[in-house]
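Heads up: the structure comes next, in structure tokens.
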Amino acid sequence: MAGLEALMSAGPTPADRVRMASGLTLAHEGAGAEQILRAAIVRYFQGRIALVSSFGAESAVLLSLVAEIDRATPVVFIDTGKLFGETLRYRDALVAHLGLTDVRSVRPESRDAANVDPQGVLWAQEPDACCALRKVAPLARALDGFDAWITGRKRFQASSREGLQVFESDGRHIKVNPLAGWTADDVTRFMEARNLPAHPLVAEGYPSIGCMPCTTRVAAGEDSRSGRWRGQEKTECGIHLAPAARLGGQGARQGEEGDPMIIYRDGSFVRDVWARLADAAEMPEAGAVLVSLGRWLGERDALHARPAPVAVEIEGGAALDPLLADLSHLDMIAVRFPKFNDGRGYSTIRLLRERHGFKGEIRATGDVLLDQIAFLRRVGATAFEITHAATRAALARGHLPEVSVFYQPACVPGEETALDLRTRRRRDAA
């Protein structure tokens with residue numbers, strides 16, 4: 001594809017990668033898997049591409065195709081610590097059978113596992129968080145330095161994969177899906193023709209194989225992935241749901257400048273345009289900045305004079321009096337929630353909206369959880385800092401709880417609420 005090498009060396013943005021993926025898909029429409037792989041490995045991303053393999057039920061097909069092109073192609077295997085023993089033994093046997101020379105087994109960081117899942121039972125409590133810890137974050141680390149990676153996903157595997165393209169972007173990389181158009185019969189024929197060993201669990205009723213606690217047998221006629229996270233809304237581990245990056249050992253999306261996309265606004269994650277400055281950090285000449293209340297009060301005149309937007313972060317429950325005269329100069333106020341059961345932040349946001357009429361963005365910060373979002377929106381928050389893995393995964397799936405019963409009136413910025421009206425009437429009557 002003309003100009004691809006120059007674009008990659010120039011540091012493409014996520015938008016560039018989306019255009020590249022579309023162009024590559026069009027260029028290889030109708031091409032076979034071997035042709036697509038050879039172009040990706042030898043022509044487009046030579047030395048900068050890896051194959052990510054689970055060594056699962058159908059993995060031998062893609063591993064065999066790659067081995068025929070270049071046995072030294074890096075293969076990333078995520079050892080979650082919860083895999084079937086059969087999978088680990090199958091990995092070793094298949095590596096030897098195909099002569100692969102660069103298989104990299106990656107695991108979750110021991111410190112992250114100790115902090116996030118000390119008892120090893122997170123899979124039963126918060127499966128999205130478990131996948132973020134044990135799969136998403138390790139893969140993000142393993143893919144550092146690569147421009148592209150190869151997956152074995154196929155459209156027939158699940159309804160959620162029916163629109164799968166041969167090339168796509170995850171924001172940081174180009175993803176190559178050379179088997180996207182293959183059928184189950186294609187897989188069977190290829191394995192028989194190459195005399196490839198089958199995963200031992202396939203014969204026992206496991207057509208899709210993940211971690212042992214979250215994988216069950218599949219009955220005849222069921223979706224081949226129906227045994228994964230059975231009985232839950234969850235259908236993917238997360239590595240194919242959103243771009244991945246390290247964020248406290250958990251998954252996060254990436255922004256155009258490489259910063260984690262942890263800000264949720266208007267139904268999606270967005271790049272954070274506000275640079276959060278420490279009190280001692282040098283003030284940049286340009287760009288939107290987010291400063292502490294103490295720094296705002298100490299440098300008020302200089303910050304007033306900045307042509308770029310300025311935002312202030314305050315603690316939930318903090319006195320607002322020092323800030324009231326400056327509300328019209330602020331484009332955003334961030335209210336920090338120190339812990340889940342601390343309700344002072346809600347009161348602070350509501351005061352800003354209803355009593356003081358602040359019209360700008362109000363952001364709830366401090367690792368907001370899913371259950372809080374509906375209530376925060378009710379009192380006037382419009383953006384949320386989300387670093388909690390399970391909350392991120394739920395929002396990525398479009399799952400946002402709604403609360404139908406409230407014990408206080410809704411906040412509509414700039415309008416008098418029922419509570420304000422009653423208060424004013426009592427005051428006037430007195």
Side-chain angles (χ1 to χ4, degrees), residues 1 4-5 8 21 24 27-28 31-80 83-107 135 138-154 157 164 166-168 170 172-182 186-202 208-210 239-240:
M1 185 178 178
L4 178 63
E5 293 81 1
M8 294 304 297
L24 288 169
H28 292 275
E34 192 276 339
Q35 182 182 346
I36 293 167
L37 278 169
R38 188 172 296 279
I41 294 171
V42 177
R43 180 182 174 192
Y44 300 134
F45 307 106
Q46 187 173 29
R48 309 186 315 278
I49 189 170
L51 163 63
V52 177
S53 178
S54 65
F55 284 83
E58 299 168 352
S59 297
V61 171
L62 189 56
L63 289 162
S64 176
L65 285 167
V66 169
E68 291 173 8
I69 296 169
D70 184 358
R71 288 189 175 89
T73 301
V75 176
V76 176
F77 170 72
I78 308 171
D79 184 354
T80 65
L83 298 175
F84 289 92
E86 290 88 340
T87 296
L88 299 176
R89 292 188 288 274
Y90 181 62
R91 173 201 59 190
D92 296 341
L94 199 53
V95 168
H97 179 82
L98 297 174
L100 299 167
T101 63
D102 188 5
V103 177
R104 310 175 184 188
S105 292
V106 297
R107 296 177 62 93
K135 297 190 76 172
L139 178 61
R141 290 191 295 269
L143 290 178
D144 280 348
F146 290 102
D147 292 334
W149 56 292
I150 306 164
T151 92
R153 291 178 299 161
K154 308 164 192 72
Q157 290 173 320
L164 185 65
V166 174
F167 291 89
E168 58 183 348
D170 70 4
R172 301 179 66 201
H173 308 89
I174 297 294
K175 290 166 68 173
V176 188
N177 308 305
L179 307 182
W182 281 40
D186 292 332
V187 172
T188 300
R189 285 193 293 268
F190 185 91
M191 292 191 68
E192 291 175 350
R194 296 295 202 283
N195 194 30
L196 295 173
H199 193 297
L201 291 179
V202 172
S208 181
I209 303 162
I239 64 175
H240 296 300

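The structure presented is a predicted model; accordingly, all values stated were derived computationally and were not measured.
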Practice item. Could you tell me whether the side chain of Pro178 reaches within less than 4.5 Å of the side chain of Leu65, counting heavy atoms only? Key: no
Review point. Which heavy atom in Ala67 sits nearest to a heavy atom in Leu100, and how many Å separate them?
Key: CB-CD2, 3.8 Å
Review point. Of all heavy-atom pairs between Ala60 and Met191, which one has the smallest distance, and what is that distance?
Key: CB-CE, 4.0 Å
Revision key, fill the gap. Applied to residues 94-103, the salt bridge (Lys or Arg N to Asp or Glu O under 4.0 Å) test, sequence neighbours excluded, yields Asp102-Arg104
Study note, to complete from the structure: All heavy atoms of Ala40 vs all of Ile49, minimum pair found to be CB-CD1, 3.9 Å
Review point. Should the pair Lys135-Asp79 be classified as a salt bridge under the 4.0 Å nitrogen-to-oxygen rule?
Key: no
Practice item. Check whether any side-chain N or O of Arg141 sits under 3.5 Å from a backbone N or O of Arg107 as a donor-acceptor pair, and report yes or no. Key: yes
**Study point:** Side chain proximity check, Ser53 to Leu62, heavy atoms < 4.5 angstrom
**Key:** no
Practice item. Give a yes or no on whether the backbone of Lys175 and the side-chain of His173 come within a donor-acceptor separation of less than 3.5 Å. Key: no
Point to revise | side-chain hydrogen bond (donor to acceptor under 3.5 Å, both in side chains) involving Arg89 - partner list, sequence neighbours excluded | key: none
Check your understanding: Going through the checks in order, is the ring pair (Phe, Tyr, Trp, His ring centres under 6.0 Å) test met by His28 and Tyr44?
Key -> CA-CA 12 Å; His28 292 275; Tyr44 300 134; 5.6 Å; yes
**Study point:** Qualifying residues under ring pair (Phe, Tyr, Trp, His ring centres under 6.0 Å), relative to Phe146, sequence neighbours excluded
**Key:** none
Review point. Only one of Leu196, Asn195, Thr188 forms a side-chain contact (heavy atoms from CB on, under 4.5 Å) with Glu192, so which one is it?
Key: Thr188
Check your understanding: Is there a side-chain contact between Ile174 and Trp149, using heavy atoms and a 4.5 Å cut-off?
Key -> no
Point to revise | From CA spacing to verdict: side chain to side chain contact (heavy atoms under 4.5 Å, CB included), Phe77, Val106 | key: CA-CA 6 Å; Phe77 170 72; Val106 297; over 6 Å; no
**Study point:** With sequence neighbours excluded, residues passing side-chain hydrogen bond (donor to acceptor under 3.5 Å, both in side chains) with Glu34
**Key:** Arg38
Exercise for review: Decide yes or no on side chain to side chain contact (heavy atoms under 4.5 Å, CB included) for Asn177 and Phe167, but give the supporting numbers first.
Suggested key: CA-CA 6 Å; Asn177 308 305; Phe167 291 89; over 6 Å; no
Point to revise | Expected output: side-chain Tyr90 to main-chain Leu201 donor-acceptor under 3.5 Å | key: no
Check your understanding: Do you know which two heavy atoms are closest between Ala31 and Ile36, and how far apart they sit?
Key -> O-CD1, 3.7 Å
Practice item. Evaluate the side-chain proximity of Phe55 to Leu94: yes if any heavy-atom separation is below 4.5 Å, no if none is. Key: yes
**Study point:** Contact summary for Leu83 and Gly210, nearest pair of heavy atoms
**Key:** CD2-O, 3.9 Å
Check your understanding: Taking the side chain as C-beta and beyond, is there a heavy-atom pair between Thr151 and Val52 under 4.5 Å?
Key -> no
**Study point:** Chi angles and distances behind the side chain to side chain contact (heavy atoms under 4.5 Å, CB included) call for Ile41, Ile150
**Key:** CA-CA 9 Å; Ile41 294 171; Ile150 306 164; 4.1 Å; yes
Exercise for review: Please name all residues satisfying side-chain hydrogen bond (donor to acceptor under 3.5 Å, both in side chains) with Ser105, sequence neighbours left out, ordered by chain then number.
Suggested key: Arg91
Check your understanding: Between Ser54 and Thr87, what is the shortest heavy-atom contact and its length?
Key -> O-CG2, 3.8 Å
Check your understanding: Which pairs with one or both residues in residues 55-72 pass salt bridge (Lys or Arg N to Asp or Glu O under 4.0 Å), sequence neighbours excluded?
Key -> Glu58-Lys154, Glu68-Arg194
